[in-house]
Amino acid sequence: MKIRSAAITTALLTALTLGATTAPPARAASLPRCTQPARLDVFREGGLPLLDWRENLEFDGRGTLWVAHLTKNRVEGYAPDGTMKASFPVSGPGALRRGPDGMMYVNYGVNPLTPGSGIVRFDPAAAHPKAEKVVEGISGINGLAIDAEGNFYLSRELATGILKIRPDGTKDEAWTKAADVFGANGLEIVGDQLYASVITDTTSPIVRIPLKDPAARTTVTKLSHNILDTKVLDDLTYFDGDLVVASFRKGQLLRVDPATGATCVLAEGLRMPSSVRVARAFGDNDPRRDLFVVEASGRIVKVTVG
């Protein structure tokens, strides 16, 4: 989700209307706390909420955490001790993902005030990383997932159909039409399934889409029972057999069993969390218990489970 896109504008207005930025974090009565408690530690402080928006993050598997700083039009690289190792310009960066080739891919133009939109890539091992355009001219995009064959999947908050783009940059129109989901936000591939959080639906659903048969999509769960409980779901990740999704409005991380839809509140007290990822090959952080979150407040937060 992003303050600058027309898509994010809708989500943000929804959040503000329902008290997202003014109400204290609250746990929905229908959702129990997870049995394993989670501790929050600030990895990097933020600045002015919304104006210092860090939108997304990803680990490169080589010891660096990469973060999309939406409002400053930059991608930042951090060492495990919190030191900034790299920073380079990307226009309106959004979702970040590591490709099967080891390169890092970033949606750009997520902010409609910036020119152009599409996907760029960079080499995380380079001494001075530089963004290189891969796909151009795909507006209104948000989330990103990449399968083992290098196909790109992009969500669009104000459009129907999750875009599939082949490694050569051509669009798989048939797949996109069959993936008939409106308002998708976060995307995560687990095996041969694509999971999507939906931000524009007040029931806060998570949808499962088979990569080989997108028309056979199913709803894993609906996390809101009325409009006042709308979660405003953002990005999600796969963690220890479950999905963990960020609730932008509630300031929570919600843990969801993809098989049953059973859900519990893993963490709360976050400030407009927009993305969550599992720590991989990042110092002494343990991928079985450590997650990192970025927020519209600008903070980067470490979440330790158990």
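Side-chain contact between L266 and Q252 is absent, with no heavy atoms from C-beta onward closer than 4.5 Å. M272 has its side chain within reach of L50: a pair of non-hydrogen atoms, C-beta onward, lies under 4.5 Å apart. Taking 4.5 Å as the limit, every side-chain heavy atom of P124 sits out of range of all side-chain heavy atoms of T64. Counting heavy atoms from C-beta outward, K231 and L254 have side chains that approach closer than 4.5 Å. Two residues are said to be in side-chain contact when any heavy atoms from C-beta on lie closer than 4.5 Å; D290 and F282 fail this criterion. Between D172 and N151 the shortest side-chain heavy-atom distance does not fall below 4.5 Å. Side chains of M103 and D123 form a contact here, defined as non-hydrogen atoms less than 4.5 Å apart. Using a 4.5 Å cut-off on side-chain heavy atoms (C-beta onward), R288 and D240 make no contact.
By the neighbour-count criterion of 12 heavy atoms within 6.0 Å, atom NZ of K130 is sparsely surrounded, having that number or fewer from other residues, nucleotides or ligands.
Between the CG atom in L65 and the CG atom in L96 there is a gap of 9.0 Å [rounded to 0.5 Å]. The distance from atom OH of Y105 to atom CD1 of I146, rounded to the nearest 0.5 Å, is 6.5 Å. A distance of 12.0 Å separates OG1 in T304 from CD in Q36, rounded to the nearest 0.5 Å. The CD1 atom of I206 sits 5.0 Å away from atom CG of L223, with the distance rounded to the nearest 0.5 Å. Note: E173 CD to L163 CG = 8.0 Å, rounded to the nearest 0.5 Å. Remark: M104 CE to E58 CD distance equals 5.0 Å, nearest 0.5 Å.
V42 and V303 fall into different hydrophobic clusters, where Ile, Leu, Val, Met, Phe, Trp and Tyr are joined by side-chain heavy atoms under 4.5 Å apart, directly or via other members. Linking Ile, Leu, Val, Met, Phe, Trp and Tyr whenever their side-chain heavy atoms come within less than 4.5 Å leaves V207 and V245 in two separate clusters. Under a hydrophobic clustering in which Ile, Leu, Val, Met, Phe, Trp and Tyr are joined whenever their side-chain heavy atoms come within less than 4.5 Å, directly or via other members, I141 and I165 fall into the same cluster. Cluster annotation: W175 and L154 are assigned to distinct hydrophobic clusters (Ile/Leu/Val/Met/Phe/Trp/Tyr, side-chain heavy-atom contacts under 4.5 Å, transitive). By the rule that hydrophobic residues join a cluster once side-chain heavy atoms approach within less than 4.5 Å of another member, F182 and I162 end up as members of separate clusters.
Looking at every heavy atom in both residues, V305 comes nearest to R255 through CG1-NH1, 4.2 Å. Nearest heavy atom pair, residue A267 against residue A38, reads CB-CB, 4.1 Å. G251 approaches P273 most closely through the heavy-atom pair CA-CD, 3.7 Å. What you find for P129 and F122 is that their closest heavy atoms are CB-CD1, 3.9 Å. Between L57 and V276 the shortest heavy-atom distance is CD2-N, 4.1 Å. In plain terms, the two heavy atoms of Y238 and V278 that are nearest each other are O-CG2, 3.3 Å.
In this structure a side-chain-to-backbone donor-acceptor pair under 3.5 Å is missing from R98 to F59. Judged purely by atom type and a 3.5 angstrom limit, T71 uses its side chain to pair as donor or acceptor with the backbone of L51. For the pair S197 (side chain) and D235 (backbone), a donor-acceptor distance under 3.5 Å is absent. In this structure a side-chain-to-backbone donor-acceptor pair under 3.5 Å is missing from R121 to V134. Side-chain atoms of N73 come within 3.5 Å of backbone N or O of G92 as a donor-acceptor pair. For S247 (side chain) and L253 (main-chain N/O), no donor-acceptor pair under 3.5 Å exists by modelled atom type. The backbone N or O of S87 sits less than 3.5 Å from a side-chain atom of R74, completing a donor-acceptor pair.
Contact check on D201 versus K222 returns no salt bridge, with no Lys/Arg side-chain nitrogen under 4.0 Å from an Asp/Glu carboxylate oxygen. D284 and K302 are not joined by a salt bridge, as no carboxylate oxygen comes within less than 4.0 angstrom of a charged side-chain nitrogen. Remark: D229 engages K250 in a salt bridge, criterion side-chain N to carboxylate O under 4.0 Å. With respect to D168 and R166, no salt bridge is recorded, no charged nitrogen being found less than 4.0 Å from a carboxylate O. With respect to the salt-bridge test (charged N to carboxylate O, under 4.0 angstrom), the residues E188 and R277 qualify.
Side-chain contact of R97 with N107: a donor-acceptor pair under 3.5 Å is absent, judged by distance alone.
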*Apply the test side-chain contact (heavy atoms from CB on, under 4.5 Å) to residues N56 and W66: give CA-CA distance (whole Å), side-chain angles for both, the deciding distance (0.1 Å), then the verdict.*
CA-CA 8 Å; N56 213 276; W66 296 95; over 6 Å; no
*Passes side-chain contact (heavy atoms from CB on, under 4.5 Å), K72 versus D52? Steps please.*
CA-CA 7 Å; K72 292 189 178 179; D52 193 37; 3.6 Å; yes
_Run I138 and K171 through side-chain contact (heavy atoms from CB on, under 4.5 Å) and show every step you take._
CA-CA 10 Å; I138 44 174; K171 296 179 180 179; 3.8 Å; yes
*When you look at F292 and N285, which way does the side-chain contact (heavy atoms from CB on, under 4.5 Å) test go after all the steps?*
CA-CA 10 Å; F292 279 70; N285 293 285; 3.8 Å; yes
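The only option from V181, L187, D147 that meets the side chain to side chain contact (heavy atoms under 4.5 Å, CB included) definition with L194 turns out to be L187. With R54 as the fixed residue, the salt bridge (charged side-chain N to carboxylate O under 4.0 Å, His left out) test singles out one of E45, E295, E76: E76.
The aromatic rings of F248 and W53 lie parallel to each other, their planes meeting at an angle below 30°, with 60° marking the opposite boundary.
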Show the atom names and distances, to 0.1 Å, of all donor-acceptor pairs under 3.5 Å that link a side chain in residues 209-217 to residues at least two apart or in another chain.
residue, atom, partner, partner atom, Å
R217, NE, D180, O, 3.3
R217, NH1, A178, O, 3.4

